[in-house]
Chemist: 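Below are the structure tokens for one structure; questions will follow.
Counting convention: from 1, in listed order, for ligands and their atoms alike. This one's a predicted model, so the numbers in the text were calculated from it and none came from an experiment. One is the number of the first residue; the rest follow in order along the sequence.
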Amino acid sequence: MDSGTLERIEKLRMENAVGQLDLIGRRLVYGAEHSMWELDTRRLPWSVRRWRRKARKFAEQHIRPLAPEADLDPHAFDPMPVITKATEWGFQNNMADPRATLLHSAVAEEFATECGGIALAILAHNLGVAPLFLSGHLPTWFRHFFPLYWRLGRGKPRPMAFAITEPGAGSDVEEPEGGAAARLVTAAKKVGGGYILNGSKTFISGGAVADWVTVFATLENEGLDSWTCFLVKKGMQGFSVGRCERKMGQRACDASELIFEDVFVPDDHVVGRPRGGWAINRNTLNYSRPVVGAMALGHGRGAFERCLDFCRRTRLGNKRVIDYQDIQIELADMMISLWAARSTIWHSCRRIIANQSLSAAAKVAGSDTAFKVCNQAMEIMGDHGYLHANGVERSWRDSRLTQIYEGTNQINRLAVIEQQWSSDIDGDGSA
Ligand SMILES: Cc1cc2nc3c(=O)[nH]c(=O)nc-3n(C[C@H](O)[C@H](O)[C@H](O)COP(=O)(O)OP(=O)(O)OC[C@H]3O[C@@H](n4cnc5c(N)ncnc54)[C@H](O)[C@@H]3O)c2cc1C
């Protein structure tokens with residue numbers, strides 16, 4: 001292209017064309033170019049915007065350098081230093097923030113952009129804390145939640161984990177039909193002053209490093225409707241960590257078996273009321289599913305950003321990969337998918353009180369989009385995408401897990417149907 005044509009193209013670009021308008025016209029048109037990240041950040045409420053910027057800085061400084069090794073050799077990786085740093089930066093004690101879900105989603109995306117495993121090692125804590133807060137039970141708040149908050153606020157970590165899954169019950173404890181027929185093994189027997197807990201939980205993220213665990217158990221010889229949430233602390237007699245799984249993705253965070261052998265749990269360690277566990281569990285999942293969607297989004301964005309970098313640096317024939325229009329169309333498609341998923345997630349988090357359908361939709365949109373975008377990045381990068389050093393295959397592996405935990409995406413779709421059944425699906429929409 002000759003220089004005259006290039007000059008004319010340049011003049012026609014939106015940013016420059018705006019200059020042709022008079023003053024009022026210029027005020028009505030937004031021509032400035034911002035990165036996708038900056039554009040989105042500016043659309044967040046001010047308080048959350050601040051957290052998004054802070055989380056990005058933290059992720060670049062404290063997660064990025066650890067990510068490759070933590071993924072390659074997770075058993076040699078000690079997550080406590082980074083968890084401690086995250087606590088010092090204030091990322092572990094904002095559950096009671098008026099915009100907690102949006103804030104956690106914004107932070108989760110930033111952390112996961114760098115490394116899913118380290119992100120999970122830090123964020124699993126919030127999932128463990130959620131039942132304490134969401135129980136809405138004042139004695140639980142005063143006995144456990146506020147003292148924990150105070151400690152975390154002083155930068156002292158106390159990692160927590162959330163334990164519902166059992167060897168024979170995964171989806172069953174995430175939707176009512178499965179729940180009614182669930183075969184649960186973790187049970188609590190009432191004794192003087194407390195309960196005796198027996199059984200085991202599996203796949204518990206951060207279970208090996210957690211100081212405190214919110215554990216869900218049926219009352220002896222009863223079904224899921226008796227489910228009760230207990231706060232179990234490291235060091236309680238009979239509580240131990242069993243096997244730690246070898247994982248495909250998010251490897252830097254352990255997924256552990258927790259074993260309860262005649263563990264005495266005092267009455268004041270019941271979270272909420274006895275038999276209140278099912279509602280607390282459902283509410284916790286509704287709070288956390290958008291955050292999982294946001295983590296997934298981070299994996300997708302990480303893959304996208306690394307792919308972009310590759311396209312800029314690599315030459316194919318006599319031009320850079322990024323100069324091919326079919327590549328540009330593919331990149332635009334990835335950006336649009338990420339935007340659509342982010343909109344769904346942020347929309348679901350606008351209110352602090354979670355809505356089951358919106359939460360499940362956010363989780364599905366984030367995770368399905370991330371997996372697709374990671375695939376597109378690998379497609380564009382070819383053999384380079386397959387190399388560990390480039391980080392895209394890691395995002396691809398990390399993103400796959402987000403389609404499985406917190407209820408598989410099939411179960412999340414059923415959650416949407418359950419919530420919308422009488423208002424939309426089987427009704428006339430008037431409910
Ligand atoms: C790495 C990892 C970390 C985890 N972290 C935690 C944690 O911190 N705490 C915790 O409590 N749990 C955790 N989990 C457990 C996780 O939430 C469950 O694995 C998940 O909910 C799926 O349950 P499942 O594996 O038993 O699958 P299953 O319930 O056995 O499902 C198998 C298949 O059947 C499908 N299916 C099941 N029911 C239906 C239905 N009614 N209709 C249609 N399809 C159906 C599912 O979609 C899936 O495809 C973790 C799991 C993993 C892998």
Chemist: So does Lys363 pair up with Glu406, basic N to acidic O under 4.0 Å?
Modeler: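 Salt bridge between Lys363 and Glu406, a charged N being under 4.0 Å from a carboxylate O: no.
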
Chemist: So which heavy atom on Arg251 is nearest to which on Met248, and how close?
Modeler: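 Minimum heavy-atom separation between Arg251 and Met248: CD-O, 3.5 Å.
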
Chemist: Which of the numbered atoms in ligand 1 are under 4.0 angstrom from any heavy atom belonging to Glu406?
Modeler: 17 (O)

Chemist: Would you check if there is a donor-acceptor pair between the side chains of His269 and Tyr195 at a distance under 3.5 Å?
Modeler: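 No pair is found: no donor N or O on one side chain lies under 3.5 Å from an acceptor on the other.
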
Chemist: Which class fits the ring pair Phe146 and Phe142: parallel under 30°, tilted 30 to 60°, perpendicular over 60°?
Modeler: perpendicular

Chemist: Enumerate the atoms of ligand 1 whose separation from the nearest heavy atom of Lys247 is less than 4.0 angstrom.
Modeler: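 Here the atoms of ligand 1 in question are 1 (C).
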
Chemist: Tell me the protein heavy atom at minimum distance from atom 45 (C) of ligand 1, and give that distance in Å.
Modeler: Ile411 CD1, 4.3 Å

Chemist: Whether Lys247 and Asp71 form a salt bridge (side-chain N of Lys/Arg under 4.0 Å from carboxylate O of Asp/Glu) is what I want to check.
Modeler: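 Looking at Asp71 and Lys247, the cut-off is not met.
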
Chemist: Just to confirm my output: which protein heavy-atom neighbour is closest to atom 40 (C) of ligand 1, and how far is it?
Modeler: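 Going atom by atom, the protein heavy atom closest to atom 40 (C) of ligand 1 ends up being Leu414 CD1, 3.9 Å.
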
Chemist: Is there at least one protein heavy-atom neighbour under 4.0 Å from atom 50 (C) of ligand 1?
Modeler: yes

Chemist: Under a 4.0 Å N-O cut-off, is there an ion pair linking Glu88 with Lys156?
Modeler: no

Chemist: Could you check atom 19 (O) of ligand 1 against the protein and tell me its nearest heavy-atom contact, residue, atom and distance included?
Modeler: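 Heavy-atom neighbour on the protein nearest atom 19 (O) of ligand 1: Ile404 CG2, 4.5 Å.
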
Chemist: Please report whether the ring centroid of Trp396 lies less than 6.0 Å from that of His299.
Modeler: no

Chemist: Less than 4.0 Å from atom 53 (C) of ligand 1, is there any heavy atom belonging to the protein?
Modeler: yes

Chemist: Report the part of Leu127 (side chain from C-beta onward, or backbone N, CA, C, O) that has a heavy atom under 4.0 Å from ligand 1; answer both or neither where that applies.
Modeler: neither

Chemist: Does ligand 1 have an atom that lies less than 4.0 angstrom from a heavy atom of Ala124?
Modeler: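 For ligand 1, residue contact (heavy atoms, under 4.0 Å) with Ala124 is absent.
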
Chemist: Quick test of your reading of the model: are Arg413 and Asp368 salt-bridged, counting only N-O distances below 4.0 Å?
Modeler: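 Answer for the salt bridge query: yes.
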
Chemist: For atom 21 (O) of ligand 1, find the nearest protein heavy atom and state the residue, atom name and distance (0.1 Å precision).
Modeler: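 Nearest neighbour among protein heavy atoms for atom 21 (O) of ligand 1, to 0.1 Å: Glu174 OE1, 2.7 Å.
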
Chemist: Of the protein's non-hydrogen atoms, which lies at the shortest distance from atom 18 (C) of ligand 1, and what is that distance?
Modeler: Thr165 OG1, 4.3 Å

Chemist: So for ligand 1, is Phe162 a polar contact partner (N or O within less than 3.5 Å, distance only)?
Modeler: yes

Chemist: Would you tell me whether Asp262 and Asn198 have side-chain atoms, one donor and one acceptor, within less than 3.5 Å of each other?
Modeler: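 Yes, Asn198 and Asp262 have a side-chain donor paired with an acceptor closer than 3.5 Å.
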
Chemist: How about atom 9 (N) of ligand 1: does it have a protein heavy atom within less than 4.0 Å?
Modeler: yes

Chemist: For atom 34 (O) of ligand 1, is the nearest protein heavy atom under 4.0 Å away?
Modeler: no

Chemist: Test your reading of the structure: does Ser171 have an N or O sitting under 3.5 Å from an N or O of ligand 1?
Modeler: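 Yes, since at least one N or O of Ser171 sits under 3.5 Å from an N or O of ligand 1.
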
Chemist: Please indicate whether any nitrogen or oxygen in Ser205 is less than 3.5 Å from any nitrogen or oxygen in ligand 1.
Modeler: yes

Chemist: Counting only heavy atoms, which portion of Leu401 has something under 4.0 Å from ligand 1: side chain, backbone, both, or neither?
Modeler: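 It is the side chain that gets close, since no backbone atom is under 4.0 Å.
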
Chemist: Counting only heavy atoms on the protein side, is anything nearer than 4.0 Å to atom 30 (O) of ligand 1?
Modeler: no

Chemist: Using 4.0 Å as the upper bound for N to carboxylate O, is an ion pair formed by Arg243 and Glu257?
Modeler: no

Chemist: Step by step, work out the ring-ring contact (aromatic ring centres under 6.0 Å, His included) result for Phe91 and Phe111.
Modeler: CA-CA 11 Å; Phe91 290 115; Phe111 288 5; 5.1 Å; yes

Chemist: Considering only protein heavy atoms, which is closest to atom 24 (P) of ligand 1, and at what distance to one decimal place?
Modeler: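 Going atom by atom, the protein heavy atom closest to atom 24 (P) of ligand 1 ends up being Gly170 CA, 3.9 Å.
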
Chemist: Does Glu245 approach ligand 1 within less than 4.0 angstrom via side chain, backbone, both or neither, non-hydrogen atoms only?
Modeler: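 Contact part for Glu245 vs ligand 1: neither.
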
Chemist: Between Asp333 and Lys372, is the closest basic N to carboxylate O distance under 4.0 Å?
Modeler: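 Salt bridge present between Lys372 and Asp333.
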
Chemist: Of all the atoms in ligand 1, which lie at a distance below 4.0 Å from a heavy atom belonging to Gly407?
Modeler: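 Those of ligand 1 that fall under 4.0 Å from Gly407 are 21 (O).
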
Chemist: Counting non-hydrogen protein atoms only, what is the nearest one to atom 13 (C) of ligand 1? Give residue, atom name and distance.
Modeler: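 So the nearest neighbour among protein heavy atoms is Phe203 O, 3.2 Å.
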
Chemist: Of all the atoms in ligand 1, which lie at a distance below 4.0 Å from a heavy atom belonging to Ile204?
Modeler: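 With Ile204 as reference, the close atoms of ligand 1 come out as 7 (C), 8 (O), 9 (N), 10 (C), 11 (O).
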
Chemist: Do the charged groups of Glu110 and Lys57 touch, with an N to O distance under 4.0 Å?
Modeler: no

Chemist: If you measure every N or O of Ile164 against every N or O of ligand 1, does any of those distances drop under 3.5 Å?
Modeler: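 Checking ligand 1 against Ile164, an N or O pair does fall under 3.5 Å apart.
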
Chemist: Can Lys85 be said to sit on top of Phe58's aromatic six-ring, NZ or CZ under 6.0 Å from centre and within 45° of the ring axis?
Modeler: no

Chemist: What I want to find out is whether Glu418 reaches Arg282 closely enough, with some N-O distance under 4.0 Å, to be called a salt bridge.
Modeler: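 Yes, charged N to carboxylate O under 4.0 Å.
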
Chemist: In the protein, what heavy atom is nearest to atom 22 (C) of ligand 1, and what distance, to one decimal place, separates them?
Modeler: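 The closest one turns out to be Thr408 CG2, 3.8 Å.
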
